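The block underneath contains the structure these notes are about, expressed in structure tokens.
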Amino acid sequence: MKLSNKQTALVVLAALIAITPLFFPSSYYFRVGSLIFVNSIAVIGIVILAGYAGQISLGHAGFAGIGAYACALAPVHLGLHPAFAVVLGAIISAVMAYVVGRPILRLKGYYLGVATLGFGILVSMVLANEREITGGPDGIQVPDLGLRAIVKTMGLDLNNSEFWYIFSGLALILGAWVALNLYDSPTGRALRALHGSEIAARTVGIDVARLKLQAFIISAVYASISGSLLALQNKFITPDVAGFMHSIEMVTMAVLGGVGSVLGAIFGAAILTMLPQLLTVFAEYEMLLMGLVMMLVMIFMRDGLLPSILRRIRGKDE
Amino acid sequence: MPELMQFILSGLTVGAVYALVALGFTIIYNASDVVNFAQGEFVMLGGMITVFAHGAGMPLPLAAVIAIVITAGVGVALNKLAIEPARGAPVVSLIIITIGASIFIRGVTQLVFDKQLHRFPSFSGDDPIHIFGATLLPQSLWVMAGALVVFVALWLFFTRTLTGKAILATSNNRLAAQLVGISTNWVMTLSFAMSAGIGALAGVLVTPITLVSYDVGIALALKGFAAAMLGGMGNPKGALIGGFLLGLLEALTAGYISSQYKDAAAFIVILAVLFAMPQGLFGKKTTDRV
């Protein structure tokens, strides 16, 4: 049986998630691993928006904030089970993306950048300032998902990090599968067409405005779910999850790894999530090195790390 | 009435700083189509270097000049080492490069200097001036005058000098500019030096009021970016008016509505303006080449 590119990508991803824990010396690595997966989910959303459709967002952390705070607030105020809170957060994010996206997706390049930036800042500001509801800048507790206890009754006793490693790993595989399918679907083709040239796409009858909006909504849902999983895993969340730097992190992870491909984006998320952990050794130099890595990769590996490395391996040098 | 006057005066002071940052954005954008997110770091460097040069015993004016010159050098280095090698890269990559540069500059500053808040004395004392029942620090006048002087100087430079016209020509069409004998590399160097120098000047002027530390740059860059977009990217007049408008909006929101949401008001107005005028207030309407 010959595997398609899509299937190969999923198999590689699943194998990596399954095999790497064999080499983990401590449960701290499970924690880093699950952080990588959670970040990857948001970054796949960016791949759909920026890599497929060619639109920028500097405010996607706003959606992550909505997803995260839905998990913190809905169980307490609405009596919703945390699992449904994830869904509620995704729905709110989708609706927000629809409402905000309709007017701002007409904007191009930097103008779209500043508009999405504004959206993200508004969300983080509301989260930081409405202390009575959100707990303000100090953050808020998030109820337990309760799934680990259920797994335990089935005879599988996992510690918190191990459980979240597996759970967010599965979520990531699901997210990657959806995104990879989207790539070859008629919608995905149309998105890539409008990325190439909006005018040409319109000429062949593609409803450009509707498609951009779809990509924006889908990527918002990814960001929202990523935020929810982060909140549930940490059992605590602060407005920083919706902050500008988090938005930039998402975009940087995607572009650093290779914004055109799902695997590349996951690779980027892995590198940028691990880098600060590695750099704590150099505490003082952390910022300096971080900035340097961002610049060097973008200058010397324009298509992102993974595509550049693959090209070198296959020997197709420029 | 005195209340309103007070809000307007503080809005104009902050607005002048935003305007200076936005003007810096505009110059680099015109020369290279790059929005330089490290622009706020120039303001920070201007303040920090002046603080330490002054602390080392130099007279304030000399310290300020040194800060501006060094920062201009940093701007040139940024262009040569990070922007020029990435010529032709997509917008997202350029955003990441300049944000990477801003994090890098912050990291270096924090190592070379420190993480403390600093200030140096105001230029003309700290006795407030009374205007219609409101008070104004003499230093605020320096900031506002700085923004206006820089704007007029830029306007004269771009309309009356050959070099200024060469920059405009380069922004219009790089290849055509090269064909008529303009050294576009020189234009880029000059633009980054000017932009960084103006940023540093803003830092020198505003530090006695707002203080400076290694991490003040990013907030200023975002506000300056927003101001430049509000006015219409690439237009110096738009940058000036966008900056003052943003400052006024913030001060009035902080005064009459809620100080916590002062940044929100600014961004809501920007979103509203962009909905109605996707090119900003004074931006040129562009069409795509197919």
Side-chain angles (χ1 to χ4, degrees), chain A residues 46 50-51 54 56-59 100 102-104 106-122 124-126 128-131 197-200 203 244-245 248 251-252 254-256 259 284-300 302-304, chain B residues 29 33 35 37-38 81-86 88-111 214-215 218-219 222 225-226 228-230 232-233 258 260-261 263-264 266-272 274-276 278-280 283 286 288-290:
Chain A
I46 300 291
I56 313 178
S57 172
L58 300 182
V100 177
R102 265 172 71 97
I104 68 176
R106 286 187 304 147
L107 303 169
K108 292 192 173 65
Y110 288 117
Y111 287 91
L112 182 59
V114 78
T116 47
L117 169 73
F119 166 76
I121 287 183
L122 289 178
S124 69
M125 221 174 287
V126 170
N129 288 332
E130 297 303 319
R131 289 161 189 280
S197 163
E198 221 171 274
I199 294 171
T203 321
F244 173 66
M245 279 324 285
I248 292 300
V251 177
T252 309
V255 178
L256 206 71
V259 74
E284 301 235 287
Y285 298 90
E286 186 186 334
M287 274 181 127
L288 188 157
L289 292 172
M290 191 77 185
L292 207 56
V293 168
M294 285 167 78
M295 287 192 285
L296 291 179
V297 173
M298 281 298 94
I299 293 169
F300 295 109
R302 272 191 205 184
D303 305 328
Chain B
Y29 180 80
D33 285 333
V35 167
F37 280 93
L81 302 177
I83 307 291
E84 214 133 88
V91 169
V92 199
S93 309
L94 289 169
I95 290 179
I96 292 175
I97 289 175
T98 59
I99 288 178
S102 91
I103 296 176
F104 178 75
I105 294 174
R106 236 176 295 155
V108 174
T109 311
Q110 165 213 172
L111 280 177
Y214 79 104
D215 58 356
I218 190 75
L222 291 185
F225 176 44
M229 297 312 259
L230 180 62
M233 201 71 204
S258 142
Q260 289 169 332
Y261 281 105
D263 297 332
F267 280 105
I268 288 173
V269 170
I270 289 165
L271 285 175
L274 289 179
F275 292 161
Q279 307 292 326
T286 54
D288 284 343
R289 188 189 299 263
V290 182

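We use all heavy atoms of the structure for the numbers below, so side chains are in, but hydrogens, waters and symmetry mates are not. Predicted model, so just to flag it, every value in this text is computed and none were measured. Residue numbering restarts at 1 for every chain, and letters A, B, ... go by the order of the sequence lines.
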For [X], is it the side chain, the backbone, both, or neither that has a heavy atom closer than 4.5 Å to a heavy atom of chain B?
X	answer
A:Val297	neither
A:Leu122	side chain
A:Leu296	neither
A:Ile248	side chain
A:Phe300	neither

Any side-chain heavy-atom pair of [X] and [Y] under 4.5 Å:
X	Y	result
A:Leu117	B:Leu222	yes
B:Ile96	A:Leu256	no
A:Ile104	B:Phe275	yes

Interface residue of largest heavy-atom contact number with chain A, from [options], under 4.5 Å:
options	result
B:Ile270, B:Leu81, B:Leu230, B:Val91	B:Val91
B:Ser258, B:Ser102, B:Ala226, B:Ser93	B:Ser93
B:Val92, B:Leu111, B:Val108	B:Leu111

Inter-residue atom distance [X].[atom1] - [Y].[atom2], 0.5 Å rounding:
X	Y	atom1	atom2	answer
B:Ile99	A:Met290	CD1	CE	11.5 Å
A:Met298	B:Thr98	CE	OG1	12.0 Å
A:Ile299	B:Glu84	CD1	CD	11.0 Å
B:Leu271	A:Phe119	CG	CZ	10.0 Å
B:Ile97	A:Thr252	CD1	OG1	11.0 Å
B:Ile103	A:Leu289	CD1	CG	12.0 Å

Counting heavy-atom pairs closer than 4.5 Å to chain B, which one of [options] comes out on top?
options	result
A:Val126, A:Val100, A:Leu112, A:Leu58	A:Val126
A:Gly54, A:Pro103, A:Ala50	A:Pro103
A:Val293, A:Ile56, A:Ile121	A:Ile121
A:Val251, A:Val259, A:Leu107	A:Leu107

Query raised in the report: Which bit of B:Ile218 comes within less than 4.5 Å of chain A, counting heavy atoms only: side chain, backbone, both or neither?
Result: side chain
Query raised in the report: Is the backbone N or O of A:Asn129 less than 3.5 Å from a side-chain atom of B:Tyr261, with the two atoms forming a donor-acceptor pair by type?
Result: no
Query raised in the report: For the residue pair B:Phe225 and A:Tyr110, what are the closest heavy atoms and their distance?
Result: CZ-O, 3.8 Å
**Report entry** Check against side chain to side chain contact (heavy atoms under 4.5 Å, CB included), B:Phe104 and A:Met295
**Finding:** CA-CA 9 Å; B:Phe104 178 75; A:Met295 287 192 285; 3.9 Å; yes
